[in-house]
Amino acid sequence: MTLPTASYLQFTPDLKICRILNGMWQVSGGHGRINSTFAIQTMFKYVDAGFTTWDLADHYGPAEDLIGEFRRQVIATRGKAALANIQAFTKWVPRPGKMTKKIVEDNINISLRRMDVESLDLMQFHWWEYQDKNYLDALKYMAELQTEGKIKHLALTNFDTEHLQIITEAGIKIVSNQVQFSLVDRRPEVNMINFCQQHDIKLFTYGTVCGGLLSEKYLGKPEPRGFDLTTVSLKKYKNMVDAWGGWRLFQELLSTLKSIADKHGVSISNVAVRYILDKPVVGGVIVGARLGISEHLEDNAKVFSVNLDAEDLEKIDAVSQKSRDLYQLIGDCGDEYRR
Ligand SMILES: NC(=O)c1ccc[n+]([C@@H]2O[C@H](COP(=O)([O-])OP(=O)(O)OC[C@H]3O[C@@H](n4cnc5c(N)ncnc54)[C@H](OP(=O)(O)O)[C@@H]3O)[C@@H](O)[C@H]2O)c1
């Protein structure tokens, strides 16, 4: 399987990425037991199918180590040049507190070592408490490490528009922010997209298929509860669905998506991903990959061949309008992590 040219984005002058990124939170526990040998074999499958870009974090269990081992196996079996085709975006999620150059550098060095890279493609920084202004020091030191060659590009995750603006005004060049964005959670449309448009910042989105809830598997099904929600991802997004409007409205969304999906000969998930991918400033949608457990490569590839028309968008937006306003309820992007 190869993906069409439009599946890729020249994100930065040096990084051409696949617009569906493989999310590695799913290897961190709580999504089923991962066997690292199978996981790495499966990573070859993803890359060979054209899904060349990985999203991970320092705290996603063995994710950074899997990237390191995958890279070594790529070199051993295909030669070093083959690495040019693989991008790995990590995160640093420190505890708040005083930030010195040494603290920042020591942590960046850990990711460099685990991922077995000389320079991190993208460092997506997360910060838990805006009252603690040390995040600006952390970013300042990361910018120094960027100049020194340890980081290629600086990015954020779960920052709201107000703090993205503070950081931008402090002169720190941010290339992307990673946020929740889906047909259920449309908060980025309130302020974030507009700010990113003005400052040439891309969004990478997660939760776009709501842990798998946005699929045929849940169409016409009774409301899943407790043990039915078998991954932490499903639990997370079932809570979002509850806040958004509940299971009955979600069924209405699923049947609307199904009618659109049938019209185009694709799946509900394809429509859900395509809709977000077409939003301004969205660089890519991250879709979680339970490596070696389940796989949707062939289906997800179809996202790149579907075009939603005005009638499709109207139908989807009509359902969205019946939902509660999550911006009012939760706040801007990432505020759910800071309550
Ligand atoms: N920055 C942050 O705070 C943050 C937070 C959450 C996630 N993330 C990132 O985003 C990634 C995605 O995680 P997520 O929790 O948001 O999960 P998600 O992508 O919404 O859901 C992933 C699950 O959706 C199902 N799925 C995928 N493609 C499908 C298809 N074509 N048809 C039907 N089902 C399909 C699979 O379920 P099955 O495996 O059950 O088949 C898969 O495990 C993470 O790995 C991480 O990289 C970041």
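Start at 1 and go down the list; that is how both ligands and their atoms are numbered.
Here Phe125 and Tyr135 keep their ring centres 6.0 angstrom or further from each other.
Side-chain contact between Glu295 and Tyr46: present, with at least one pair of heavy atoms (C-beta onward) separated by less than 4.5 Å. Residues Ile151 and Trp92 fail the side-chain proximity criterion, which asks for heavy atoms closer than 4.5 Å. Side chains of Cys196 and Leu164 form a contact here, defined as non-hydrogen atoms less than 4.5 Å apart. Residues Ile166 and Leu136 form a side-chain contact, since some pair of their non-hydrogen atoms from C-beta on lies under 4.5 Å apart. By the 4.5 Å heavy-atom criterion applied to side chains, Arg19 and Phe304 are counted as neighbours.
More than 12 heavy atoms of other residues, nucleotides or ligands shown are found within 6.0 angstrom of NZ on Lys173. Other residues, nucleotides and ligands contribute only 12 or fewer heavy atoms inside 6.0 Å of the CZ atom of Phe38.
Among all protein heavy atoms, the one lying closest to atom 13 (O) of ligand 1 is Gln26 NE2, 3.3 Å. Among all protein heavy atoms, the one lying closest to atom 15 (O) of ligand 1 is Ser233 OG, 2.7 Å. Distance from atom 39 (O) of ligand 1 to its nearest protein heavy atom, with residue and atom name: Ser294 OG, 2.5 Å. From the protein, the heavy atom lying nearest to atom 41 (O) of ligand 1 is His296 NE2, 2.7 Å. Remark: minimum distance from atom 47 (O) of ligand 1 to any protein heavy atom is reached at Asp55 OD2, 2.6 Å. Nearest protein neighbour of atom 43 (O) of ligand 1, counting heavy atoms only, is Arg290 CG, 3.6 Å. With respect to atom 48 (C) of ligand 1, the closest heavy atom belonging to the protein is Gln178 OE1, 3.0 Å. The nearest protein atom to atom 25 (C) of ligand 1, hydrogens excluded, is given as Gly212 CA, 3.6 Å; this is a heavy-atom distance.
Using a 4.0 Å cut-off between heavy atoms, Val209 contacts ligand 1 through both its backbone and its side chain. Only side-chain heavy atoms of Thr157 come within less than 4.0 Å of ligand 1; its backbone N, CA, C and O stay farther off. When heavy-atom distances to ligand 1 are checked against a 4.0 Å cut-off, Asn158 comes that close only through its side chain, counted from C-beta outward. Counting heavy atoms under 4.0 Å from ligand 1, residue Ser182 does not touch it at all.
Counting only N and O atoms by type, the side chains of Tyr327 and Asn191 include a donor and acceptor under 3.5 Å apart. For His153 and Thr12, the side-chain atoms include at least one donor-acceptor pair closer than 3.5 Å. The closest side-chain donor-acceptor pair between Gln124 and Asp55 falls under 3.5 angstrom. Side-chain atoms of Ser267 and Asp299 form a donor-acceptor pair, as typed in the model, at a separation below 3.5 Å.
Heavy-atom contacts of Ser215 reach the following atoms of ligand 1: 33 (C) (cutoff under 4.0 Å). Residue Cys210 has at least one heavy-atom neighbour below 4.0 Å for each of these atoms of ligand 1: 20 (O). Proximity to Asp299 (heavy-atom distance under 4.0 Å) selects the following atoms of ligand 1: 30 (C), 31 (N), 32 (N). Those atoms of ligand 1 with a heavy atom of Val287 less than 4.0 angstrom away are 19 (O), 27 (C), 28 (N). Taking every heavy atom of Gly23 and a limit of under 4.0 angstrom, the matching atoms of ligand 1 come to 11 (C), 44 (C), 45 (O), 47 (O).
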### Task
Test Asp228 against Lys221 for salt bridge (charged side-chain N to carboxylate O under 4.0 Å, His left out), laying out the working first.
CA-CA 12 Å; Asp228 304 331; Lys221 294 287 156 54; over 6 Å; no
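For ligand 1, one of its N or O atoms has an N or O atom of Ser269 under 3.5 Å away. When only interatomic distances are considered, the shortest N/O to N/O separation between Gly207 and ligand 1 falls below 3.5 Å. For ligand 1, the polar-atom distance check against Asn300 finds a nitrogen or oxygen pair separated by under 3.5 Å.
If you check each of Gly32, Gly211, Gly288 against atom 21 (O) of ligand 1, the one with the closest non-hydrogen atom is Gly211. The residue among Trp25, Trp54, Tyr206, Phe204 with a heavy atom at the shortest distance from atom 8 (N) of ligand 1 is Tyr206.
Under a 4.0 Å heavy-atom criterion, Lys91 is in contact with ligand 1.
Arg338 forms a cation-pi arrangement with Phe159, by the criterion of a distance under 6.0 Å to the ring centre and an angle within 45° of the ring axis.
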